[in-house]
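First comes the structure, then the notes that go with it.
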Amino acid sequence: DIQMTQSPSSLFASVGDRVTITCRASQSISIYLNWYQQKPGKAPKLLIYAASSLQSGVPSRFSGSGSGTDFTLTISSLQPEDFATYYCQQSYSPPQTFGQGTKLEIK
Amino acid sequence: QVQLVQSRAEVKKPGASVKVSCKASGYIFTSYGVNWVRQAPGQGLEWMAWISAYNGHTNYAQKFQGRVTMTTDTSTTTAYMELRSLRSDDTAIYYCARARFELRSYFDFWGQGTLVTVSS
């Protein structure tokens with residue numbers, strides 16, 4: 001199975017900050033990397049697909065980059081509603097695997 | 001609008017089975033597949049399986065093979081996930097999620113989740 005490792009596991013930041021979360025795959029997954037946001041008690045929400053494509057309706061302050069094994073999710077200017085847990089997911093080969101999550105908390 | 005509406009929470013005893021439903025609406029059901037993902041309390045996301053609503057093709061994570069069955073009913077645009085021989089560590093929220101393809105795709109709409117509690 002392809003292992004997905006996110007860093008950091010938790011992150012404290014303030015409204016207006018620029019934040020970057022990284023995700024590393026244990027082998028090359030080309031661009032088949034997706035990012036999800038999950039708030040407590042809610043289902044995950046798709047933010048970014050295929051490494052850098054912004055899902056419809058998602059604010060443009062979210063962006064993704066990377067290919068191969070190393071990927072990043074960047075939030076350019078944190079808003080109060082962005083405090084949540086973020087997961088990366090590889091869809092390159094089965095079983096599709098998720099990172100362990102990054103919890104973004106208010107400083 | 002696209003919606004996936006899941007069945008209610010369940011409480012089961014160890015060794016029992018559970019069947020969770022996922023009613024789809026707002027799109028052509030057979031043009032997509034359905035994934036099942038679970039999340040144990042306080043834990044991350046774990047992919048379980050995929051089923052094509054077009055032809056019923058399935059792909060199960062090895063961890064669940066032999067214990068899980070995914071089906072679809074195109075007449076009611078509903079997907080089902082049945083998990084057998086339940087154990088306490090199967091206690092989790094089970095989500096269905098739509099995807100266009102089995103692989104190299106993404107989960108663009110999710111159900112609200114169904115909590116399955118396994119307890120004696």
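Hydrogens, waters and symmetry mates are skipped; everything else that's a heavy atom, side chains included, is used. A, B, ... follow the sequence lines: proteins, then strands. Residue 1 opens every chain.
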Worksheet item: Does the ring centre of A:F62 sit less than 6.0 Å away from the ring centre of A:W35?
Response: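 Ring centres of A:F62 and A:W35 not closer than 6.0 Å.
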Go through the atoms of [X] and report whether side chain, backbone, both or neither lie under 4.5 Å from a heavy atom of chain B.
X: A:Q38; answer: side chain
X: A:T97; answer: neither
X: A:Q96; answer: both
X: A:Y92; answer: both

Worksheet entry | Side chain B:S52, main chain B:N55, donor-acceptor under 3.5 Å |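 Between the backbone of B:N55 and the side chain of B:S52 there is a qualifying donor-acceptor contact (under 3.5 Å).
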Item to complete: Would you check if the side chain of B:R67 reaches a backbone N or O of B:R84 as a donor-acceptor pair within less than 3.5 Å?
Response: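 Yes, B:R67 side chain to B:R84 backbone: donor-acceptor pair under 3.5 Å.
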Counting only non-hydrogen atoms closer than 4.5 Å, does [X] touch chain A with its backbone (N, CA, C, O), its side chain (CB onward), both, or neither?
X: B:E102; result: backbone
X: B:N59; result: side chain
X: B:F107; result: both

Identify the two heavy atoms, one from [X] and one from [Y], that lie closest to each other, and give their separation to 0.1 Å.
X: A:S91; Y: B:S105; value: OG-O, 3.0 Å
X: A:L104; Y: A:A13; value: CD1-CB, 4.1 Å
X: A:P8; Y: A:T102; value: O-OG1, 2.6 Å

Worksheet item: Between B:L45, B:I93, B:L103, B:V37, which residue shows the highest count of heavy-atom pairs closer than 4.5 Å to chain A?
Response: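 Most heavy-atom pairs under 4.5 Å with chain A: B:L45.
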